[in-house]
Amino acid sequence: MDTESFGQSVVQYFKDLFSGGWPAALDTFLAAFVTLVACLMIKKLILRGLDRGLDRGHLDQSFHGFIRSGTNILLWAVITIIVAERVGINAMSLLALLSIAGLAISLSVQNTLSNLAGGLAILASHPFKVGDYVVIGSNAGYIREIGLVYTKMTTLDNRRIVVPNRIVADAEVINYTAEPIRRVDLIVSAAYDIPAETVKKTLQEVMRSHEKVLSDPAPFARLTNHGESALEYAARAWCRTPDYWDVYHDLLEQIKEAFDRDGISIPFPQMEVSIKKD
């Protein structure tokens, strides 16, 4: 059925509706209104039950937003058909019109459809889940919600970032919390006149004494570069991913204290200036 014939059927419907007078028409609209209210209440209960089921289930939280949004759209479609039937509108005619309108709308909202496809790609590839700390392009933060169209992130300074799913699907994603353990990498400097073995021993003692540093893989300390003013050492320690920042900052502070205790100086860049007199 095309839009013209549907419009004619709607006009004929209202003629038939009011042919019986205002009381009959009001009764029909009142019945439709009551049906709408009842449907909305049932919809609310269904969504509430769905939320409880998702919270209690073992399904990854990343899927919750998709399932809820899809269910909400489906329920609205069912409510529209039920109310239309209640007022006497042919549901099949309504569906035909909606199909035509949907095609026209889809051509004008290609970006939205691309975002929807991107969202499905995210769920299929599963590069991250809600709660992960990730870098997506130039954006970094914790994943708060994976929706049908957008992915929402919260930065460390509590800013909300909303990224279209088509961008997320095409971007390079770095997930810092996907693995259970993570390595802390530090580069520290020491004076040239300090024996390398002394520096490495001190670094190893600091890392091994930290309660959150794992013994397997073992901490690593080696000379890594001859700098202009100092020798540079790489200190690497593994820890549980949630402990990363605690270990990172603790080691920085404790290495400085250990260097002061063991007489290991940390030189700073120096420049010699010679003045020649004519």
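Nothing here was measured: the structure is a model prediction, and the numbers come from that model.
Residues L40 and K44 form no side-chain contact, since every pair of their non-hydrogen atoms from C-beta on lies 4.5 Å or further apart. Looking at heavy atoms from C-beta onward, F128 lies in side-chain contact with I136 at the 4.5 angstrom threshold. Between R160 and K152, the closest side-chain pair of non-hydrogen atoms falls below 4.5 Å. Using a 4.5 Å cut-off on side-chain heavy atoms (C-beta onward), Y133 and L156 make contact. The shortest side-chain heavy-atom distance between S215 and R208 does not fall under the 4.5 Å cut-off. Under the 4.5 Å side-chain criterion, counting only non-hydrogen atoms from C-beta, M153 is in contact with V134. Contact annotation: the side chain of I122 approaches that of V168 to within less than 4.5 Å [non-hydrogen atoms, C-beta and beyond]. Counting only heavy atoms from C-beta outward, the side chains of L47 and L75 approach each other to under 4.5 Å.
Distance check: T71 OG1 to K43 NZ gives 10.5 Å after rounding to the nearest 0.5 Å. Put simply, CZ on R240 and CD on E179 are 14.0 Å apart, with the number rounded to the nearest 0.5 Å. Atom CD of E211 and atom SG of C239 lie 12.0 Å apart (nearest 0.5 Å).
Put simply, the side chain of D132 gets close to the backbone of K129: a donor and an acceptor are under 3.5 Å apart. A side-chain donor-acceptor contact under 3.5 Å links N165 to the backbone of V149. Between the side chain of T154 and the backbone N or O of N158 there is no donor-acceptor pair closer than 3.5 Å. A distance-only check finds a donor-acceptor pair linking the side chain of N175 to the backbone of T177 [under 3.5 Å].
Judged purely by distance below 3.5 Å, without hydrogens or angles, the side chains of T241 and D243 never pair a donor atom with an acceptor atom.
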**Message:** The test is side-chain contact (heavy atoms from CB on, under 4.5 Å); show your working for H210 and D250 and say whether it passes.
**Reply:** CA-CA 8 Å; H210 197 291; D250 288 349; 2.9 Å; yes

Original post:
Can you list the steps and then say if W238 with R182 is a side-chain contact (heavy atoms from CB on, under 4.5 Å)?
Top reply: CA-CA 6 Å; W238 290 87; R182 187 177 170 190; 5.6 Å; no

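L186 belongs to a hydrophobic cluster with V184, V188, Y192, I194, V199, L203, V206, M207, V213, L223, L231, Y233, Y244, W245, V247, Y248, L251, L252, I255, F259, I264, I266, counting contacts under 4.5 Å between side-chain heavy atoms of Ile, Leu, Val, Met, Phe, Trp and Tyr, direct or through other members.
Counting non-hydrogen atoms of neighbouring residues, nucleotides and ligands closer than 6.0 angstrom, the NZ atom of K200 exceeds 12 such neighbours.
D170 and R166 are not joined by a salt bridge, as no carboxylate oxygen comes within less than 4.0 angstrom of a charged side-chain nitrogen.
In plain terms, the two heavy atoms of A230 and S189 that are nearest each other are CB-CB, 3.9 Å. Nearest heavy-atom pair across S125 and P127 is OG-CD, 3.3 Å. When all heavy atoms are compared, the tightest approach of T155 to A140 is CG2-O, 3.5 Å. Here the shortest heavy-atom pairing between A121 and A169 reads CB-CB, 4.5 Å.
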